[in-house]
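Throughout, protein chains are lettered first and strands after them, A, B, ... in sequence-line order, and every chain is numbered starting at 1.
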2 protein chains.
Amino acid sequence: MSIQTRRERERAERERLIVTAARELAEAEGWEAVTTRRLAAEIEYSQPVLYSHFKGKEAIMAAVAVQGCAELAVELRTAREAAKGRRGALAAVGEAYTAFARRRPALYDAMFTHRVDLPFATPEAPAPLQEAFGELRQAVEPIAAEGDDVGLLTETYWAGLHGLVTLMRSGRLPEGAHEQRLELLTGHFSGALR
Amino acid sequence: MSIQTRRERERAERERLIVTAARELAEAEGWEAVTTRRLAAEIEYSQPVLYSHFKGKEAIMAAVAVQGCAELAVELRTAREAAKGRRGALAAVGEAYTAFARRRPALYDAMFTHRVDLPFATPEAPAPLQEAFGELRQAVEPIAAEGDDVGLLTETYWAGLHGLVTLMRSGRLPEGAHEQRLELLTGHFSGALR
DNA sequence: ACAGATTGGCTAGCGCTGCTAGAATTCAGA
DNA sequence: TCTGAATTCTAGCAGCGCTAGCCAATCTGT
């Protein structure tokens, strides 16, 4: 039994190694630099080993994405708890979200841009995904009007943040005015504007 | 001189052929099916011919994207002109925008998702891009408060639409509630909500 | 009308990708 | 120590974007 467990432990350890190697490589040089060959070299195993842990490259990216969601959830929570007032919390969370996306673009892409077969808006979604969304939701809830569907409102605000981030990152919106756009978005949702 | 112009005309014709072939293939089977080999076969020339017209595959996608923007601009204008009232116009344009994205996903990706080296938020941006943005802007302008920067407000509303579309298309938002989310977004921007 | 220059398209191939079949090796248990 | 099973590696497939260099058709000047 002990031998069995040791092997399983080593296997789990190696899987962790793969995920962190993929993530570090992606953050350093972008996802296009994360090839199965380079990843294999990085973890000092041969290519096929990757496929004994993950179904393919996409599955590795999905694992990285889940890790990223956990970190995003923490950062959103910290921002929310440090902020004062309903509007302050929403603004702080929006700020934290877009800051995360700009600081860790590769991680963000794995989480929310690249096509990845993770269940998202269902109960089967991995816990970190639900936690990150839950943080957003807790920031949105206090500014919801009576009768509002808080879930839908959160999704809509999230879409706004996501749109700002992706259009900016792809060069379709100038970076300079980001803060002003973010204020407009948050202001219109929190009722501070209009 | 006539021979020269005939050749140029034929060249331009073939370039058009490449762009429409790429677009049709992408719309039928997605961009991952648009390989230089298949595209070459489609136009009944060899691969290198593509490179005598475009710098690479990305440039072909950019050309398709410009075409798409022209069509989007037309659809947005039609929707705006048919709508009644300031809020109605904004809602109609938002509706038309997201409908376009859902009806022509591959085209939309070339325009706003894939990394493509087109100048966007500058005066050098191709005319169709500016026209499409201009249509959005004309729908946003009437709902802007005094002192608002209409350009920034338009960018922010656009980001909201783009976020809704991309998160939905990648399975991160359920399709079912799209109309409700769109109403929330438009409502908060037009001042109808809160 | 012919020779030479030029243009333009094609064949073939480079280096890379994600992924896998099957050989080789290592290891656990008798 | 030997055998069978589990694990890892070597080697290779099919396909990708892209390009060097050959070859044929066309145009130009005599």
Side-chain angles (χ1 to χ4, degrees), chain A residues 1-19 21-23 25-26 28-65 106 109-110 114-118, chain B residues 1-19 21-23 25-26 28-65 106 109-110 114-118:
Chain A
M1 192 50 110
S2 162
I3 277 174
Q4 189 87 354
T5 57
R6 191 210 67 209
R7 294 206 137 181
E8 279 169 20
R9 198 175 54 237
E10 286 174 353
R11 239 190 101 76
E13 177 63 26
R14 196 173 59 181
E15 190 158 316
R16 237 180 36 94
L17 193 64
I18 292 172
V19 175
R23 176 189 166 154
L25 198 46
E29 306 183 34
W31 280 107
E32 67 280 352
V34 184
T35 69
T36 56
R37 274 166 245 267
R38 272 201 72 179
L39 202 47
E42 210 74 42
I43 63 169
E44 296 178 310
Y45 280 92
S46 69
Q47 260 181 306
V49 165
L50 301 174
Y51 293 87
S52 74
H53 287 272
F54 299 95
K55 219 185 76 187
K57 189 187 170 180
E58 276 213 345
I60 298 177
M61 289 182 62
V64 172
D109 280 347
H114 282 293
R115 192 162 273 284
V116 112
D117 58 346
L118 279 174
Chain B
M1 192 52 107
S2 163
I3 277 174
Q4 189 86 355
T5 58
R6 192 209 67 209
R7 297 204 134 182
E8 278 170 21
R9 198 175 56 238
E10 286 174 354
R11 238 189 102 76
E13 178 62 26
R14 196 173 58 180
E15 190 157 316
R16 238 180 37 94
L17 192 65
I18 293 173
V19 175
R23 175 187 167 155
L25 197 46
E29 305 182 36
W31 280 108
E32 66 281 354
V34 184
T35 70
T36 56
R37 275 166 245 266
R38 271 202 74 180
L39 202 47
E42 210 73 43
I43 63 169
E44 297 178 311
Y45 281 92
S46 68
Q47 259 181 306
V49 165
L50 301 174
Y51 293 88
S52 75
H53 286 273
F54 299 95
K55 219 185 79 186
K57 190 187 168 181
E58 277 214 345
I60 297 176
M61 290 183 62
V64 173
D109 280 348
H114 282 292
R115 191 161 274 286
V116 109
D117 58 347
L118 280 175

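Distance CH2 (W31(A)) to C1' (dT17(C)): 16 Å, rounded to an integer number of Å. Spacing between atom CE of M61(A) and atom P of dC19(C) amounts to 12 Å, rounded to whole angstrom units. Distance E32(B) CD to dG17(D) C1': 16 Å, rounded to the nearest Å. When rounded to the nearest whole Å, the span between CG of L50(B) and C1' of dG8(C) equals 14 Å. Residue K57(A) contributes atom NZ, which lies 8 Å from atom P of dC19(C) at whole-angstrom precision. I18(B) places its CD1 atom 13 Å from the P atom of dC18(D), with the value rounded to the nearest Å. Distance, L39(B) CG to dG17(D) C1': 12 Å, rounded to whole Å. Rounded to whole Å, the distance from CD on E29(A) to C1' on dC16(C) is 16 Å.
Among dA20(D), dT10(D), dG9(C), the nucleotide with an atom closest to any side-chain atom of S52(B) is dG9(C). Listed nucleotides: dG18(C), dG9(C), dG17(D). Nearest to the side chain of T36(B): dG17(D). Among the nucleotides dT11(C), dT8(D), dT10(D), the one closest to the side chain of S46(B) is dT11(C). Counting only heavy atoms from C-beta on, Y51(B) has its side chain closest to dG17(D) among dC10(C), dT20(C), dG17(D).
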**OP:** Apply side-chain contact (heavy atoms from CB on, under 4.5 Å) to H114(B) and E58(B), showing your working.
**Re:** CA-CA 9 Å; H114(B) 282 292; E58(B) 277 214 345; over 6 Å; no
Original post:
For E29(A) and R38(A), what are the C-alpha separation, side-chain angles and deciding distance, and is it a salt bridge (Lys or Arg N to Asp or Glu O under 4.0 Å)?
Top reply: CA-CA 12 Å; E29(A) 306 183 34; R38(A) 272 201 72 179; 2.9 Å; yes
**OP:** Please report the C-alpha distance between V34(B) and I60(B) in whole Å, then the side-chain angles of each, then the deciding distance to 0.1 Å, and finally whether the side-chain contact (heavy atoms from CB on, under 4.5 Å) criterion is met.
**Re:** CA-CA 10 Å; V34(B) 184; I60(B) 297 176; over 6 Å; no
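With rounding to the nearest 0.5 angstrom, the CG atom of L17(A) is 6.0 Å from the CD1 atom of I43(A).
Between the side chain of R37(A) and the base of dG18(C), at least one donor-acceptor pair of N or O atoms lies under 3.5 Å. Between the side chain of Q47(B) and the base of dC10(C) there is no donor-acceptor pair of N/O atoms closer than 3.5 Å.
Distances shorter than 4.0 Å separate some side-chain N or O of R14(B) from OP1 or OP2 on dG9(C).
For CZ of R16(A), the number of neighbouring non-hydrogen atoms (other residues, nucleotides, ligands) closer than 6.0 Å is 12 at most.
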